Amino acid sequence: MPELPEVEAVCRKLRTVEGARIAAARVFRCASATLPRRIAGRRIHRIERRGKHILIRLDSGFTLHTHLRMSGNLYSIPNHCLHPAAARVIVELHDGRGIILEDNRALARMEAVSSEKLDQRLARQLGPEPLSEQFTVDAFVATARAARQPAKIFLMDQRRVAGLGNIYAAEALFRARIGPCRVIQGISRVRLAKLHSAIVAILNDAVQSACIAYEAPGEFAEAEAFPLAVYDREGEPCWVCGRAIRRIPQRGRSTY
DNA sequence: TCGATCCTGTAG
DNA sequence: CTACAGGATCGA
């Protein structure tokens, strides 16, 4: 499921547990064994997002750090006893509610770690937030000038920009009319500026769509879904030129 | 900087 | 049955 927009929607919806106190936690399968004793009794201070990472700040200097990877989901339920079968972590709150990390593929990760160390680690591993003031055209161009990667690989590299994944990287390149295999270094400043604004516009729109979809799943949300111009549209006609969209492998993943 | 790998589910 | 899935990490 999740790239930046979906993770943002998860965070916003999860904010109803801010202020709640954790009673206990249960982990299943290979989830972190030290997690329960590190978070039991702590209060949830606030919920933040960094790239695709979800940060549940506790009052103890620890953070409940979650990454959904490919197939994870994180949400609260009114009664922690009524958890789904695919739950990997159940955080039981004092008020009876529960926070569920669900993932049938078991790729998602949740850990309780020192906030300071986590922030240092994320600062090292992640580039600027694309929806923040930090993400300027100048900074983006400077980063691109120093990289020799194909454009699509560059955009998916979390150290360059935080939060883009396979879908929105392809969509942004398409909107900016940049071939995914072109080396990012050789692209003109004007076109990089176009790519920069495409990234911001697409992510903003996708956040809106994701929030609607998470808030009220159904036909209305379906109608408001972010329209994907190229992703998963192999063989279908391009909305601009009418020719069939092609799929190529890049680094073992599909690019459209 | 690359492919292989972690898992399970689903589409073809 | 195989191929592939919105991700990231590890070792070569």
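This structure is a prediction, so every number in the text was calculated from the model and none was measured. Residue numbering restarts at 1 for every chain, and letters A, B, ... go by the order of the sequence lines.
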Handout entry: Strand partner of B:dC2, provided both Watson-Crick or wobble distances fall under 3.5 Å
Key = C:dG11

Practice task
Check the distance between C:dG6's C1' and A:L203's CG and give it to me in whole angstrom.
Solution key: 13 Å

Handout entry: Interatomic distance at P, C:dG6 relative to B:dG12, whole Å
Key = 15 Å

Exercise for the section: Could you check whether A:G252 gets within reach of a base, just the sugar-phosphate, or nothing at all, counting any heavy atom under 4.0 Å? Expected result: nothing

Problem - Side chain of A:L107 (C-beta onward), nearest among B:dT8, B:dT1, C:dG7 - result: C:dG7

Handout entry: Distance (rounded to the nearest 0.5 Å) between A:L4 CG and A:Y168 OH
Key = 9.5 Å

Exercise for the section: Return no unless some side-chain N or O of A:Q158 is found under 4.0 Å from OP1 or OP2 of C:dG7. Expected result: no

Problem - Gap between atoms CD and C1', on A:E111 and C:dA8 respectively (whole Å) - result: 13 Å

Problem - Geometric class of the A:F135/A:H196 ring pair [parallel <30°, tilted 30-60°, perpendicular >60°] - result: parallel

Practice task
Scan A:R247 against the nucleic acid and name what it touches under 4.0 Å (heavy atoms): base, sugar-phosphate only, or nothing.
Solution key: sugar-phosphate

Problem - Nucleotide nearest A:M70 when distance is taken to its side chain, options C:dA8, C:dA5, B:dT1 - result: C:dA5

Problem - Any A:H67 side-chain nitrogen or oxygen under 4.0 Å from OP1 or OP2 of C:dA8 - result: yes

Handout entry: Cationic N near anionic O, under 4.0 Å, A:E18 to A:R97
Key = no

Exercise for the section: Could you tell me whether the phosphate oxygens of C:dG6, OP1 or OP2, come under 4.0 Å of any side-chain nitrogen or oxygen in A:N166? Expected result: yes

Exercise for the section: Find the distance A:D232:CG to B:dT10:P and express it as a whole number of Å. Expected result: 16 Å

Exercise for the section: Go through the steps for A:E6 and A:Y214 under the test side-chain hydrogen bond (donor to acceptor under 3.5 Å, both in side chains), then give the verdict. Expected result: CA-CA 9 Å; A:E6 295 77 24; A:Y214 279 49; over 6 Å; no

Practice task
Would you kindly give the CD-to-C1' distance between A:E234 and B:dA11, to the nearest whole Å?
Solution key: 13 Å

Exercise for the section: Please work out whether the ring planes of A:H65 and A:H53 are parallel, tilted or perpendicular, with thresholds of 30° and 60°. Expected result: parallel

Exercise for the section: Provide the distance between the two C1' atoms, one in B:dC6 and one in C:dC1, to the nearest whole Å. Expected result: 22 Å

Exercise for the section: Return the value, rounded to whole Å, for the distance between atom CG of A:L101 and atom C1' of B:dC7. Expected result: 14 Å

Completion exercise
Looking only at heavy atoms, the pair that brings A:G51 and A:V7 closest together is O-CG1, 4.4 Å

Handout entry: Rounded distance (Å) that lies between atom P of C:dG7 and atom CD1 of A:I54
Key = 14 Å

Handout entry: N/O (side chain, A:S71) to phosphate O (OP1/OP2, B:dG9) under 4.0 Å
Key = no

Practice task
Please measure how far the P atom in B:dC7 lies from the corresponding atom in C:dG11, and state the result in whole Å.
Solution key: 15 Å

Problem - Position toward the 5' end of DNA chain C (nearest nucleotide), A:Q125 or A:R105 - result: A:R105

Handout entry: Atom pair distance, as rounded to whole Å: CD in A:Q250 and P in C:dC4
Key = 15 Å

Exercise for the section: Compare side-chain N and O positions of A:R148 against OP1 and OP2 of B:dT1 and report whether any pair is under 4.0 Å apart. Expected result: no

Completion exercise
Checking C:dG7, B:dG3, C:dG6 against the side chain of A:M156 (C-beta onward), the nearest is C:dG7

Completion exercise
The nucleotide from C:dA5, C:dG7, B:dG3 with an atom nearest the side chain of A:R251 is B:dG3

Fill in the blank from the handout: Taken to the nearest whole Å, CD/A:E3 to P/C:dA8 is 9 Å

